[in-house]
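As structure tokens, the structure follows; a few thoughts come after it.
The analysis underlying the following values was restricted to heavy atoms, covering all of them including side chains, and did not include hydrogens, waters or symmetry mates.
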Amino acid sequence: MRRMNTTPSKTTTPSTTTPPAGTTDPAEGSADAVTEEATAQDSLVKDPATDSPAKDPAPKDTTGTPSDAADSGTAPDDLAGQSDDDDDDALEPDPFDEARHGVGAGAAAVVSAALGVVALTGAWTGRVAAERETLIGQIQTSGGGSAAQQISEIYGDAWHTTALVNGVFAVLALLVGVFVLVRPAFGAPSERPQPTWVRAVALAGVALGVLGVLISAGMYFDLFVSLPTAGVPAGG
């Protein structure tokens, strides 16, 4: 007969039951804690926007702060801007210098033109000199003289004296005008060229001077109009 084993066999089987709701497995809790700690460390090292290690935007400088470095970087730009402004002020012409430039040459050119006009129209000095010659001729012929002598002494000398005085004014106008035109070629060179109006007036003075010299020479040598001659008496 078989004997039956009345003692129950003890076998252990792993528990496959799930934990109740609201409770967590200790192993899973510890894993989640490790994962969160690693994520926190990564967030401290990496930039959230670029997912790259964050860099210090302003490295520490032992000699000064970042604002000091920015100020020192902009200081040369400020100095360069101030130097450019100074150069512009230096290059800008001074109105007083512009007004003074060419004053002497302009005055000389106007004088040359005025002398040329006087040489063509005559001056009171020429009229006075002509009257003086006329008076001298009358005195010389008061005691008697031929008609040709009277014409020469009274009229001819006065005519020639007027032509001579006008010729002197014409020569002066010519010399002054030429001096104004050739002045920039001699002496210390000027930074600015001679004004155009000065050259124009000087040229006008030279032209009037040349014309006055020609007319005065023709009057003096009786090239345009000869002296009158006395007629021979009919009974002679």
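Leu120 and Met219 fall within a single hydrophobic cluster, where Ile, Leu, Val, Met, Phe, Trp and Tyr side chains are chained together by heavy-atom contacts under 4.5 Å. Under the 4.5 Å side-chain heavy-atom criterion for grouping Ile, Leu, Val, Met, Phe, Trp and Tyr, Leu115 is connected to Val168 within one hydrophobic cluster. Leu181 and Val198 fall into different hydrophobic clusters, where Ile, Leu, Val, Met, Phe, Trp and Tyr residues are linked whenever their side-chain heavy atoms come under 4.5 Å apart, directly or through other members. Residues Val111 and Val118 share a single hydrophobic cluster, defined by chaining ILVMFWY side chains whose heavy atoms lie under 4.5 Å apart. Residue Val117 is not grouped with residue Leu172 when hydrophobic side chains (ILVMFWY) are merged at heavy-atom distances under 4.5 angstrom, including chains of intermediate members.
The two residues Asp222 and Ser226 have their closest heavy-atom pair at CB-CA, 4.2 Å. Heavy atoms only, all atoms of each residue included: Ala170 and Gly212 are closest at CB-C, 3.5 Å. The minimum heavy-atom distance linking Leu223 with Ala217 is given by the pair CD1-O, 4.4 Å. Nearest approach of Gly167 to Ser216, heavy atoms of both residues: N-OG, 3.0 Å. When every heavy atom of Thr161 is checked against every heavy atom of Ala129, the shortest pair comes out as CG2-CB, 3.3 Å. For Gly116 against Ala173, the heavy-atom pair with the smallest separation is N-CB, 3.3 Å.
Between the CG atom in Leu208 and the CG atom in Leu203 there is a gap of 11.0 Å [rounded to 0.5 Å].
Gln194 contributes a side-chain N or O that, together with a main-chain N or O of Val180, makes up a donor-acceptor pair within less than 3.5 Å. Between the side chain of Ser152 and the backbone N or O of Ala148 there is no donor-acceptor pair closer than 3.5 Å.
The only option from Tyr220, Tyr155, Phe221 that meets the ring-ring contact (aromatic ring centres under 6.0 Å, His included) definition with His160 turns out to be Tyr220. Tested against Leu174, the residues Val176, Val178, Val171 include a single side chain to side chain contact (heavy atoms under 4.5 Å, CB included) partner, Val178.
Annotation: side chain of Asp157 is not in contact with side chain of Ile136 (no heavy-atom distance under 4.5 Å).
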